[in-house]
S.K.: 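Dropping the structure in here first, questions after.
Residue numbers begin at 1 in each chain, while the letters A, B, ... track the order of the sequences.
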Number of protein chains: 2
Amino acid sequence: MSPTIKDVAKKAGVSIATVSLVIQNHARITTATKTKVQKAIKELNYHPSRSAKGLVTKTTGNIGFILTDDHFLQTEPFYTKIFLGTEFGTRGTNYYVLLATIARDFNSKDELPRFILERSVDGIIIAGKATQDFIERIELLDIPIVFIDYYPNSGNFFTVLIDNINGGIIATKHLVDLGHKEIGFIGGDISHPSIYDRFSGYKQALESGGIKFNKKNCVIDEEDPSRPNGYNAAKKLFAQNKKITAIFACNDAMAIGAMQYCTDNKIKIPNDVSLIGFDDVEADIFLNPPLTTIKVPKFELGTEAIHLIENVIKNKSYHNKKKILVPVELIIRNSTRELK
Amino acid sequence: MSPTIKDVAKKAGVSIATVSLVIQNHARITTATKTKVQKAIKELNYHPSRSAKGLVTKTTGNIGFILTDDHFLQTEPFYTKIFLGTEFGTRGTNYYVLLATIARDFNSKDELPRFILERSVDGIIIAGKATQDFIERIELLDIPIVFIDYYPNSGNFFTVLIDNINGGIIATKHLVDLGHKEIGFIGGDISHPSIYDRFSGYKQALESGGIKFNKKNCVIDEEDPSRPNGYNAAKKLFAQNKKITAIFACNDAMAIGAMQYCTDNKIKIPNDVSLIGFDDVEADIFLNPPLTTIKVPKFELGTEAIHLIENVIKNKSYHNKKKILVPVELIIRNSTRELK
DNA sequence: TAGAGTTAGTTAAACGTTTAACTTAAATCT
DNA sequence: AGATTTAAGTTAAACGTTTAACTAACTCTA
């Protein structure tokens with residue numbers, strides 16, 4: 001049987017309360033007894049029982065991670081990386097993270113994830129878009145929530161966000177710096193704050209570069225930013241403006257689709273048109289040519305979310321909701337080049 | 001505050017023991033009181049406290065899922081799918097699954113995953129290869145273990161496996177049926193039972209087809225089955241035998257690498273050579289041409305593992321270790337064709 | 001009809017922590 | 001020196017379940 005706090009107490013010659021206080025490194029304990037107890041803990045290889053602790057503190061030590069199921073059907077393991085980041089982020093803590101997927105179109109008929117119904121989590125992280133219906137039901141529960149790469153416009157939530165505006169700016173600026181003037185933007189799901197912000201960055205950089213924004217250079221009506229939609233968007237874009245010499249795709253999936261379109265239509269990248277994506281997914285370097293993109297530190301988004309929710313759980317009172325912005329980085333590969 | 005078993009007992013007019021027995025649907029309870037209690041549970045929206053239960057039963061309700069970290073750096077989300085399958089598999093159960101990654105070269109200096117050290121799991125699932133060092137340390141712990149897509153040759157473990165031999169057979173038979181005679185095999189990490197078995201299937205099907213096995217048609221010395229290694233293996237293969245008309249790659253990643261090699265060297269697929277992979281990853285359908293492959297039901301591997309470990313946990317005594325074989329399926333796309 | 005057996009439910013202890021309230025001894029103050 | 005404060009640790013109750021042992025009410029059986 002595993003040793004309990006009693007065994008430690010006996011071995012160290014103190015009461016179990018003292019052991020408990022040492023574990024929480026409470027100020028009341030002298031360093032002398034502290035070391036004594038710690039020694040006993042080491043020697044017995046003691047680990048406190050989570051159940052017993054949970055019973056009295058009414059905590060579970062778990063954090064729920066929620067994702068819409070469609071993300072796992074995608075080729076690009078974007079949110080998977082983020083999830084992995086959360087797992088890594090818990091290493092210094094006493095938390096475990098529990099994953100659950102919900103339907104992309106979660107609605108009133110759907111059940112909440114089991115760990116929520118059973119109150120098996122102390123807080124939850126929602127990555128990517130979730131339906132309003134879902135968010136509203138979760139909010140009623142009075143459980144700490146942190147969003148990643150999304151925030152509902154219905155309130156002021158804790159969120160960790162990609163610096164999409166700046167990403168949009170540096171991506172576009174890169175093209176401008178290369179001498180391009182007719183710079184297209186292709187995007188999908190423009191109502192998603194991330195896509196919207198990338199588009200904003202695009203417009204800002206254009207303006208800073210003295211280039212007038214032109215609606216004809218934009219295709220933003222695709223339903224979501226997937227490869228096939230990137231293909232379609234590229235087709236539409238060239239139909240709207242034949243003189244395009246550079247394209248900024250709102251993410252790498254669409255960029256890959258656009259690249260496919262170009263290949264199919266004898267448009268050489270980067271000779272005829274430069275192409276830049278956003279996200280930096282693994283597939284990028286296997287493309288022909290390897291894709292220039294904006295690197296999103298996916299892993300970090302996860303670790304930041306853990307730190308944030310930890311704080312939110314600790315200070316329930318801490319109500320000045322706040323957003324954490326994770327910086328992005330330009331990765332120049334071979335799909336962009338100077339305009340001749 | 002959440003309702004407790006006491007609230008339910010009071011509402012139903014029974015003792016808390018009765019409520020507990022109803023929850024476990026113990027035979028001692030009449031249907032009358034059972035329904036009475038269940039009604040109270042529903043009305044109060046009662047959910048038993050996992051901590052309290054865990055404290056007395058010495059269980060945690062968690063299952064650990066262990067994966068070497070390199071899998072998450074790969075483009076193909078193979079094990080991610082399996083993990084997701086386990087999550088799905090727990091829906092009918094009372095388990096949660098906790099993910100942890102370990103180093104690919106885990107050795108004596110490395111720490112075991114936290115949930116193991118803290119005894120926060122009732123059983124663990126190990127997906128893919130793990131070092132002998134890791135497995136040995138885990139075994140000492142006397143905790144139920146189930147392997148997925150791997151098994152150490154040091155013993156007789158519970159495992160859920162892909163039917164790799166049959167997969168190798170049907171893949172090769174497909175090529176044989178198309179009239180190919182000079183059929184290459186490219187593989188990496190041949191010491192991995194999955195790769196080894198696919199190779200066995202290849203040889204068996206060759207024999208059944210009346211084709212003599214030829215070492216010159218095989219490249220099996222790549223370190224692991226990745227895209228770049230697929231590229232290299234294809235190069236070696238053609239260097240060994242120019243007359244190859246079909247290739248069976250041990251997985252899709254290598255097939256994709258091989259396809260790249262062919263493209264770079266003006267070898268047309270499927271006109272000049274037919275190519276078949278193994279796994280059926282998302283990327284396959286975006287390839288040019290889309291890849292014929294053997295579909296591995298990744299999701300199912302996960303759900304099967306959950307069912308298996310559930311049983312192992314339940315019947316600790318059940319020691320006739322057993323293997324579950326998950327069937328595979330031939331998916332014909334455009335990378336294979338009849339030999340002219 | 002008494003006694004034994006069976007059935008359906010109850011009682012109470014136990015699980016391993018945390019923490020408010022308490023104790024004791026030492027330090028500080030007047 | 002005696003009273004008061006402070007410091008460091010202890011005591012004991014509480015958290016919400018499970019389950020062995022018990023009880024009371026029936027049902028048989030001879």
S.K.: Without decimals, in angstroms, what is the distance between B/Ile5 CD1 and C/dA12 P?
M.R.: 17 Å
S.K.: Does C/dC15 have OP1 or OP2 under 4.0 Å away from a side-chain N or O of A/Thr4?
M.R.: no
S.K.: Ignoring backbone atoms, test whether B/Lys34 places a side-chain nitrogen or oxygen under 4.0 Å from the OP1 or OP2 oxygen of C/dA8.
M.R.: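 The answer is no; no side-chain N or O of B/Lys34 sits under 4.0 Å from OP1 or OP2.
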S.K.: Let me know the distance between NE2 of B/His26 and C1' of D/dT19, rounded to the nearest Å.
M.R.: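 Atom-to-atom, B/His26 to D/dT19, this comes out as 9 Å.
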S.K.: Is the distance from OP1 or OP2 of C/dC15 to the nearest side-chain N or O of B/Lys53 less than 4.0 Å?
M.R.: no
S.K.: Compare side-chain N and O positions of A/Ser20 against OP1 and OP2 of C/dT18 and report whether any pair is under 4.0 Å apart.
M.R.: yes
S.K.: B/Thr30 side chain N/O closer than 4.0 Å to the phosphate oxygens (OP1, OP2) of C/dG9?
M.R.: yes
S.K.: Between P on D/dT19 and CD1 on B/Ile23, what's the gap in Å once rounded to a whole number?
M.R.: 12 Å
S.K.: Determine: side-chain N/O of A/Thr18 to OP1/OP2 of D/dT10, distance under 4.0 Å, yes or no.
M.R.: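 Result: yes.
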S.K.: Are the side chains of A/Ile63 and A/Val121 in touch, meaning some heavy atoms are under 4.5 Å apart?
M.R.: no
S.K.: Could you check whether any side-chain heavy atom of A/Ser194 comes within less than 4.5 Å of a side-chain heavy atom of A/Tyr150, counting everything from C-beta outward?
M.R.: no
S.K.: Is the ring centre of A/Phe147 less than 6.0 Å from the ring centre of A/Phe158?
M.R.: no
S.K.: Would A/Arg114 and B/Tyr96 count as a cation-pi pair here, with the cationic atom under 6.0 angstrom from the ring centre and within 45° of the axis?
M.R.: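 Yes - A/Arg114 lies over the ring of B/Tyr96, closer than 6.0 Å to its centre and within 45° of its axis.
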S.K.: Nearest whole Å is fine: how far is C/dT17 P from A/Leu21 CG?
M.R.: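 Computing the A/Leu21:CG to C/dT17:P distance gives 14 Å.
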S.K.: Measure the distance from CG on B/Leu55 to C1' on D/dA14 and round it to the nearest whole Å.
M.R.: 12 Å
S.K.: Relative to the 5' end of DNA chain D, which residue comes earlier, A/Val14 or B/Ser2, by the nucleotide with the nearest heavy atom?
M.R.: A/Val14
S.K.: Taking OP1 and OP2 of D/dG9, is either one under 4.0 Å from a side-chain nitrogen or oxygen of A/Ser15?
M.R.: no
S.K.: Tell me, with the steps shown, if A/Arg50 and B/Glu118 meet salt bridge (charged side-chain N to carboxylate O under 4.0 Å, His left out).
M.R.: CA-CA 8 Å; A/Arg50 226 304 153 195; B/Glu118 298 179 352; over 6 Å; no
S.K.: Is a donor-acceptor pair below 3.5 Å formed from side chain A/Arg28 to base D/dT10, judging by atom type as modelled?
M.R.: yes
S.K.: Given atom CZ of A/Arg50 and atom P of D/dC15, what is their separation to the nearest angstrom?
M.R.: 18 Å
S.K.: Once you round it to whole Å, what is the distance between C1' of D/dA13 and CD1 of A/Ile16?
M.R.: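 Rounded to the whole Å, the gap is 11 Å.
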S.K.: Verify the contact: side-chain N or O of A/Gln24 to OP1 or OP2 of C/dT17, cut-off strictly under 4.0 Å; return yes or no.
M.R.: no
S.K.: By the 4.0 Å heavy-atom rule, please label A/Ile29 as base, sugar-phosphate, or nothing.
M.R.: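 Sugar-phosphate: the residue A/Ile29, judged by heavy atoms under 4.0 Å, touches backbone atoms but no base.
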S.K.: Regarding A/Thr33, tell me which of base, sugar-phosphate or nothing describes its non-hydrogen contacts under 4.0 Å with the strands shown.
M.R.: sugar-phosphate
S.K.: Write down the distance between NZ (B/Lys6) and C1' (C/dT10), rounded to a whole number of angstrom.
M.R.: 15 Å
